[in-house]
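Before I ask anything, here is the structure I am working with.
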Number of protein chains: 2
Amino acid sequence: MSLRHAVLGLLAEMDGSSGYDLMRMFEVSLANVWGATQSQLYGELAKLTADGFIEVVEEGPRGRKAYGVTAAGREELRRWLTETAPKAVRRDEVLLRVFFLGLVTPEQREEYLRGRAAELAERQAGIEAVEEAVSWGEDDLSRYGRLVMEYGKRFMAMRREWMEWALRELEDPPTSAR
Amino acid sequence: MSLRHAVLGLLAEMDGSSGYDLMRMFEVSLANVWGATQSQLYGELAKLTADGFIEVVEEGPRGRKAYGVTAAGREELRRWLTETAPKAVRRDEVLLRVFFLGLVTPEQREEYLRGRAAELAERQAGIEAVEEAVSWGEDDLSRYGRLVMEYGKRFMAMRREWMEWALRELEDPPTSAR
DNA sequence: CTTAGACATTCCACTATCGACATGTCAAGA
DNA sequence: TCTTGACATGTCGATAGTGGAATGTCTAAG
């Protein structure tokens with residue numbers, strides 16, 4: 001149940017945000033870390049309110065509701081951060097397909113890997129665009145957001161290198177040739 | 001809907017496997033790539049059978065059912081591999097928490113990162129154990145499984161290095177100190 | 001003979017996620 | 001004034017995923 005904590009965390013750092021504001025943060029800052037759709041987000045806001053972890057602190061124009069985290073919400077967030085263990089990612093569709101690459105032709109294999117590498121290049125460009133666009137302040141979100149961004153860069157660089165290695169490996173098989 | 005294709009792919013390479021056999025493959029070979037629980041797996045086998053992508057080719061002791069991929073199944077697999085685009089991962093609980101690390105004490109931040117690094121070391125040991133235990137043959141699954149395994153190693157090494165960097169970054173903040 | 005443990009399947013209730021749709025407000029410029 | 005586009009919230013149905021329990025069979029060791 002991490003969407004809940006993503007919302008709670010965002011709200012804790014950006015008090016008085018609306019669902020719409022949060023949605024934008026999910027799209028920009030959290031895009032590669034924890035995605036969310038509108039329906040999920042508004043649904044979670046309703047549940048969090050019902051559970052007493054957040055509350056509407058102000059109603060603005062266009063039906064805008066600004067939320068704030070309650071004491072219970074802060075406690076829940078602290079509990080999640082310090083007392084629960086994150087579970088490791090164990091799903092990667094790109095890699096899953098690599099596992100089955102033996103089922104297609106050599107040309108298709110190469111096409112697949114080159115295609116993924118191209119996507120990666122695009123995402124890399126995207127992350128650099130965000131990096132330049134975001135005004136990095138001295139607040140906590142900037143501070144730790146920077147760490148996450150650096151991770152994203154390293155991650156993509158690593159994947160790129162691995163793909164190049166895999167392509168070489170495929171055209172020139174190791175030790176015992178077939 | 002990738003569980004479906006993971007099952008189909010596994011079955012295409014290991015014809016005549018039972019749900020139980022597949023379950024073990026998910027646990028060992030696919031653990032870091034695409035996880036599945038029993039209930040999911042058996043449910044998917046039933047659906048795949050209903051859709052005509054696989055069929056029971058043999059019934060063994062203990063109610064064992066050995067499955068085989070049908071022509072339609074092979075076609076579906078080929079289609080998936082060559083005509084559909086994989087969607088990028090965009091969920092990482094470990095990183096999500098890093099984003100909110102500003103909400104806890106410096107000691108807890110460090111504890112968190114060190115804890116993740118320890119987990120990583122464990123997983124690294126695990127992957128090496130699997131590497132040694134698995135009999136790497138010359139079949140396709142071994143060939144491409146090796147690529148995936150190499151990815152796993154690089155991934156964990158990268159995360160480790162990043163965590164060490166992040167720890168240094170936290171104790172010695174960059175440019176404009178606070 | 002007994003029993004532990006691997007083999008093997010199936011069902012269930014719950015929660016999470018996705019994608020599309022519906023509805024409406026407000027500000028600014030043509 | 002009209003229209004466009006950003007702002008803003010919400011509902012729905014379908015599918016996917018989790019975790020646990022129930023049930024039973026076969027084999028090998030003691």
Side-chain angles (χ1 to χ4, degrees), chain A residues 1-8 11 14 16-28 30-31 33-51 54-67 80 84-93 96, chain B residues 1-8 11 14 16-28 30-31 33-51 54-67 80 84-93 96:
Chain A
M1 237 202 299
S2 279
L3 172 66
R4 150 153 296 194
H5 299 104
V7 173
L8 220 39
L11 221 40
M14 307 281 284
S17 297
S18 66
Y20 192 83
D21 294 336
L22 291 170
M23 196 62 229
R24 266 173 23 246
M25 301 217 59
F26 269 99
E27 275 161 9
V28 179
L30 250 40
V33 172
W34 205 272
T37 57
Q38 263 194 5
S39 43
Q40 249 185 304
L41 178 54
Y42 283 106
E44 197 58 53
L45 283 171
K47 276 189 224 159
L48 280 164
T49 307
D51 292 346
I54 62 174
E55 59 191 352
V56 176
V57 291
E58 190 198 327
E59 307 218 9
R62 290 174 261 224
R64 179 194 154 98
K65 292 180 199 165
Y67 291 91
W80 173 70
T84 67
K87 49 181 172 185
V89 195
R90 45 177 223 146
R91 260 177 172 76
D92 189 323
E93 212 183 310
L96 177 63
Chain B
M1 236 205 298
S2 280
L3 173 65
R4 148 154 296 193
H5 299 105
V7 173
L8 221 39
L11 221 39
M14 307 280 284
S17 297
S18 66
Y20 193 81
D21 293 337
L22 292 170
M23 197 60 229
R24 267 172 25 245
M25 300 217 59
F26 268 99
E27 275 162 9
V28 179
L30 251 40
V33 172
W34 204 272
T37 57
Q38 265 193 2
S39 41
Q40 245 185 306
L41 178 54
Y42 282 105
E44 197 58 52
L45 283 172
K47 275 190 226 157
L48 280 164
T49 306
D51 293 346
I54 62 174
E55 59 190 350
V56 176
V57 291
E58 189 199 325
E59 307 220 7
R62 292 174 257 223
R64 176 184 210 268
K65 291 182 197 163
Y67 290 91
W80 174 69
T84 65
K87 50 180 173 184
V89 195
R90 46 176 222 147
R91 260 175 172 75
D92 190 324
E93 214 183 309
L96 177 63

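All figures in this text were calculated on a predicted structure; none of them were measured in a lab. Proteins get letters first, then strands, A, B, ... in listed order; numbering begins at 1 in each.
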Please list, for nucleotides 2-5 of chain C, all pairs of protein and nucleotide N/O atoms separated by less than 3.5 Å.
none

- Considering residues at least two apart in sequence or located in another chain, which fulfil the side-chain contact (heavy atoms from CB on, under 4.5 Å) criterion with A/Thr37?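 For A/Thr37 the side-chain contact (heavy atoms from CB on, under 4.5 Å) partners, ignoring immediate neighbours, are A/Ser39, A/Gln40.
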
- Whole angstrom is fine here: how far is it from CG in B/Leu3 over to P in C/dT17?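 It is 17 Å, rounded to the nearest whole Å.
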
- Message: Under the rule for side-chain contact (heavy atoms from CB on, under 4.5 Å), what residues qualify as partners of A/Met23, not counting sequence neighbours?
- Response: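 Listed in chain order: A/Glu27, A/Gln38, A/Leu41.
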
- Item | Presence of donor-acceptor pair under 3.5 Å, side chain of A/Ser39 and base of C/dG19 |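 In this structure, the two groups form a donor-acceptor pair.
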
- Message: Could you tell me how far apart A/Tyr20 (OH) and D/dG10 (P) are, to the nearest whole angstrom?
- Response: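 Those two atoms, OH and P, are 15 Å apart.
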
- Query: What is the distance from OH of B/Tyr67 to C1' of C/dT9, rounded to the nearest Å?
  - Reply: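 Taking OH of B/Tyr67 and C1' of C/dT9, I get 9 Å after rounding.
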
- Message: Please report the interatomic distance CZ(B/Arg91) to CG(A/Leu3), rounded to the nearest 0.5 Å.
- Response: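 Reported value, rounded in 0.5 Å steps: 7.5 Å.
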
Result block: side-chain N/O donor-acceptor pairs under 3.5 angstrom for residues 42-51 of chain B, not counting sequence neighbours:
{"from": "B/Tyr42", "atom 1": "OH", "to": "B/Tyr20", "atom 2": "N", "distance (Å)": "3.2"}
{"from": "B/Glu44", "atom 1": "OE2", "to": "B/Arg4", "atom 2": "NE", "distance (Å)": "3.2"}
{"from": "B/Glu44", "atom 1": "OE2", "to": "B/Arg4", "atom 2": "NH2", "distance (Å)": "3.4"}
{"from": "B/Thr49", "atom 1": "OG1", "to": "B/Leu45", "atom 2": "O", "distance (Å)": "2.7"}
{"from": "B/Asp51", "atom 1": "OD2", "to": "B/Arg4", "atom 2": "NH1", "distance (Å)": "3.2"}
{"from": "B/Asp51", "atom 1": "OD2", "to": "B/Arg4", "atom 2": "NH2", "distance (Å)": "2.9"}

- Item | Atom-pair distance (CD on B/Glu93; C1' on D/dT18), nearest Å |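 So the CD-C1' distance, B/Glu93 to D/dT18, works out to 14 Å.
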
- D/dT9 P sits how many Å from A/Leu41 CG, rounded?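 So the CG-P distance, A/Leu41 to D/dT9, works out to 9 Å.
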
- Message: Go nucleotide by nucleotide along DNA chain C from the 5' end; which of B/Gly19 and A/Gly63 gets its closest nucleotide reached first?
- Response: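 Nearest-nucleotide comparison on DNA chain C picks B/Gly19.
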
- Under the salt bridge (charged side-chain N to carboxylate O under 4.0 Å, His left out) test, which residues partner A/Arg64, sequence neighbours left out?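 With sequence neighbours excluded, A/Arg64 shows a salt bridge (charged side-chain N to carboxylate O under 4.0 Å, His left out) to A/Asp21, given in chain and number order.
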
- Message: For A/Glu93 versus B/Trp34, what's the shortest heavy-atom pair and its separation?
- Response: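 Heavy-atom minimum between the residues: N-CZ3, 3.9 Å.
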
Distances under 3.5 Å between nitrogen or oxygen atoms of protein and nucleotides 14-16 of chain D:
none

- Respond yes when some side-chain nitrogen or oxygen of A/Tyr42 is under 4.0 Å from OP1 or OP2 of D/dG10, and no when none is.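 For D/dG10, OP1/OP2 do not have a side-chain N/O of A/Tyr42 under 4.0 Å.
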
- Is any side-chain heavy atom of B/Tyr67 closer than 4.5 Å to a side-chain heavy atom of B/Val57?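 In short, these two side chains do not touch, never coming nearer than 4.5 Å.
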
- Message: Does a side-chain N or O of A/Lys87 approach OP1 or OP2 of D/dT18 to a distance below 4.0 Å, or not?
- Response: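 For A/Lys87, the contact criterion (side-chain N or O under 4.0 Å from OP1 or OP2 of D/dT18) is not met.
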
- Message: Checking A/Trp80 now: which residues fulfil ring-ring contact (aromatic ring centres under 6.0 Å, His included) with it, not counting sequence neighbours?
- Response: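 Counting only residues at least two positions away or on another chain, A/Trp80 forms a ring-ring contact (aromatic ring centres under 6.0 Å, His included) with A/His5.
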
- Query: Which nucleotide in the list D/dC26, C/dC18, D/dA8 gets nearest to the side chain of A/Thr37?
  - Reply: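 The nucleotide sitting nearest to the side chain is C/dC18.
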
- Query: To the nearest angstrom, how far is B/Arg64 atom CZ from C/dT10 atom P?
  - Reply: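 My rounded result for the distance is 13 Å.
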
- Task: By nearest nucleotide on DNA chain C, pick out whichever of A/Gln38 and B/Leu45 is the more 5' one.
- Result: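 Closer to the 5' end of DNA chain C: B/Leu45.
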
- salt bridge (charged side-chain N to carboxylate O under 4.0 Å, His left out) involving A/Arg90 - partner list, sequence neighbours excluded: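 For A/Arg90, no residue satisfies salt bridge (charged side-chain N to carboxylate O under 4.0 Å, His left out) once neighbours in sequence are set aside.
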
- For A/Phe26 and D/dT9, what is the distance between atoms CZ and P respectively, to the nearest whole Å?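 To the nearest whole Å, that distance equals 14 Å.
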
- Query: Once you round it to whole Å, what is the distance between C1' of D/dG10 and CG of A/Leu48?
  - Reply: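 Rounded to whole Å, this separation is 16 Å.
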
